[in-house]
Student: 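Next up is a structure, given as structure tokens.
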2 protein chains.
Amino acid sequence: MVIEIDFNSDEALYLQLRNQIIMGIATSQFHEGDSLPSVRQLADLVGINMHTVNKAYTVLKQEGFVKVDRRKGAVIAIDVDKLQTIAELKKELRVILAKGSCKNITREEMHELIDEIYEEYGGLE
Amino acid sequence: MVIEIDFNSDEALYLQLRNQIIMGIATSQFHEGDSLPSVRQLADLVGINMHTVNKAYTVLKQEGFVKVDRRKGAVIAIDVDKLQTIAELKKELRVILAKGSCKNITREEMHELIDEIYEEYGGLE
DNA sequence: CATTTGTGATAAGATAAGTATAACAAAAGA
DNA sequence: TCTTTTGTTATACTTATCTTATCACAAATG
């Protein structure tokens with residue numbers, strides 16, 4: 001999977017990594033059990049420091065997307081807690097929907113947006 | 001409208017303000033033409049510095065939610081650019097939907113979440 | 001045995017966030 | 001006219017976060 005860093009972005013590097021890896025899992029570019037590159041490899045690959053990659057992995061571990069195995073490094077391992085996930089999503093969506101509502105985005109259009117993105121993600125459910 | 005700051009949150013104070021005001025507009029607690037409190041008033045009210053409030057207002061202005069009138073202060077004035085808004089929402093939603101997809105949240109459940117939040121917002125379209 | 005792994009400690013620089021204080025011109029009210 | 005309040009700008013300081021750098025260690029690999 002191609003991971004790219006935008007050094008001009010105002011988003012923190014470790015968050016860019018985290019988001020791209022989460023999207024990589026959602027788009028089936030990473031599968032349960034796959035190993036991510038070692039912190040040193042990925043750091044060299046994208047041209048950033050080892051500890052920044054490690055921070056991204058640590059966040060992913062804490063959020064239940066990977067488990068770190070001494071032998072295999074960071075391994076994709078989804079820890080599903082739907083109730084907690086829904087609570088978190090709801091909080092984030094509230095702000096986004098408010099923003100859309102102010103800008104005259106209707107509920108219908110928001111549903112269409114959701115479907116479009118799910119299409120991008122290969123129509124998975 | 002009640003604006004409250006969580007000093008224990010890891011979210012920046014000016015972003016908490018911004019988000020609450022946007023949600024306040026979406027829930028019709030603020031209407032087009034309404035004046036927000038002056039930077040000094042709101043700063044005193046919630047117990048933070050004047051410049052932090054000013055930063056929130058500046059962001060809201062740049063994002064097209066308010067216009068700053070020399071006489072009336074920060075006035076709710078929505079600048080609607082649907083195409084740009086949709087593009088922005090899509091980018092933010094991509095990460096959120098990916099997160100949900102990894103955690104087994106289906107497209108249907110995501111639609112339900114959207115509807116629930118729109119219900120919270122008083123069923124507006 | 002040498003290499004690579006994740007992890008930890010520590011230090012340093014850079015950037016952002018938040019506060020504090022001061023000042024100014026414009027507008028409003030008395 | 002005088003005072004107050006307004007948004008705005010400037011400067012300075014502290015604090016926190018982000019990022020890099022270097023070193024080190026035990027565990028696993030080949």
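Chain identifiers are assigned alphabetically (A, B, ...) following the order of the sequence lines, protein sequences preceding nucleic acid strands; residue numbering begins at 1 within each chain.
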Student: Can you confirm whether B/Lys82 is buried at NZ, in the sense that more than 12 heavy atoms of other residues, nucleotides or ligands lie under 6.0 Å from that atom?
Tutor: yes
Student: In whole Å, I'd like the distance from the CG atom of A/Leu13 to the C1' atom of C/dG13.
Tutor: 15 Å
Student: Would you kindly give the CD1-to-C1' distance between B/Ile5 and C/dT19, to the nearest whole Å?
Tutor: 15 Å
Student: Looking only at the side chain of B/Met50 (C-beta and beyond, no hydrogens), which of the listed nucleotides C/dA20, D/dT19, C/dA22 gets closest?
Tutor: C/dA22
Student: Just wondering, are more than 12 heavy atoms of other shown residues or ligands nearer than 6.0 Å to CD in B/Gln62?
Tutor: no
Student: What is the distance, to the nearest angstrom, from the CD atom on B/Gln16 to the P atom on C/dA17?
Tutor: 13 Å
Student: Quick check: any donor-acceptor pair below 3.5 Å linking the side-chain of A/His51 to the base of C/dA9?
Tutor: yes
Student: Starting from P on D/dA21, measure out to CD1 on A/Ile48 and report it in whole angstrom.
Tutor: 11 Å
Student: Heavy atoms from C-beta onward define the side chain here; which of D/dT6, D/dT9, C/dG8 lies closest to that of B/Arg40?
Tutor: D/dT6
Student: What is the separation between atom CD on A/Gln62 and atom P on C/dT7, rounded to the nearest whole Å?
Tutor: 13 Å
Student: Specify the separation, in whole Å, of atom CG of A/Asn8 and atom P of D/dT19.
Tutor: 14 Å
Student: Between B/Asn49 (CG) and D/dT14 (C1'), how many Å, whole number?
Tutor: 13 Å
Student: Is there a side-chain polar atom (N or O) of A/Thr52 under 4.0 Å from OP1 or OP2 of D/dT19?
Tutor: no
Student: Output the single nucleotide from C/dT19, D/dC18, C/dA17 whose closest atom is nearest the side chain of A/Ala12.
Tutor: D/dC18
Student: Show your working on side chain to side chain donor-acceptor pair (under 3.5 Å) between A/Asn19 and A/Glu11 and close with a plain yes or no.
Tutor: CA-CA 10 Å; A/Asn19 291 340; A/Glu11 196 173 28; 3.0 Å; yes
Student: Can you tell me if B/Asn54 touches the phosphate of D/dG7, counting only side-chain N or O atoms and a distance under 4.0 Å to OP1 or OP2?
Tutor: no
Student: Is A/Lys61 near enough to C/dT7 that one of its side-chain N or O atoms lies under 4.0 angstrom from OP1 or OP2?
Tutor: yes
Student: Mind checking if B/Gln41 touches a base, just sugar-phosphate, or nothing, with heavy atoms under 4.0 Å?
Tutor: sugar-phosphate
Student: Using a heavy-atom cut-off of 4.0 Å across all strands, would you classify B/Tyr57 as base, sugar-phosphate, or nothing?
Tutor: nothing
Student: Reckon A/Lys55 touches a base, only the sugar-phosphate, or nothing at all at heavy-atom distances under 4.0 Å?
Tutor: sugar-phosphate
Student: Report yes if a side-chain nitrogen or oxygen of B/Tyr14 is closer than 4.0 Å to either non-bridging phosphate oxygen (OP1 or OP2) of C/dA17; otherwise report no.
Tutor: yes
Student: Restricting to non-hydrogen atoms, name the atom on A/Ile21 and the atom on A/Phe30 that form the minimum distance, rounded to 0.1 Å.
Tutor: O-CD1, 4.1 Å
Student: Using whole Å, what does the distance between atom P of nucleotide C/dG6 and atom NZ of A/Lys72 come to?
Tutor: 14 Å
Student: Test of understanding: clusters of I, L, V, M, F, W, Y form through side-chain heavy atoms closer than 4.5 Å, transitively. Do A/Met50 and A/Leu36 belong to the same one?
Tutor: yes
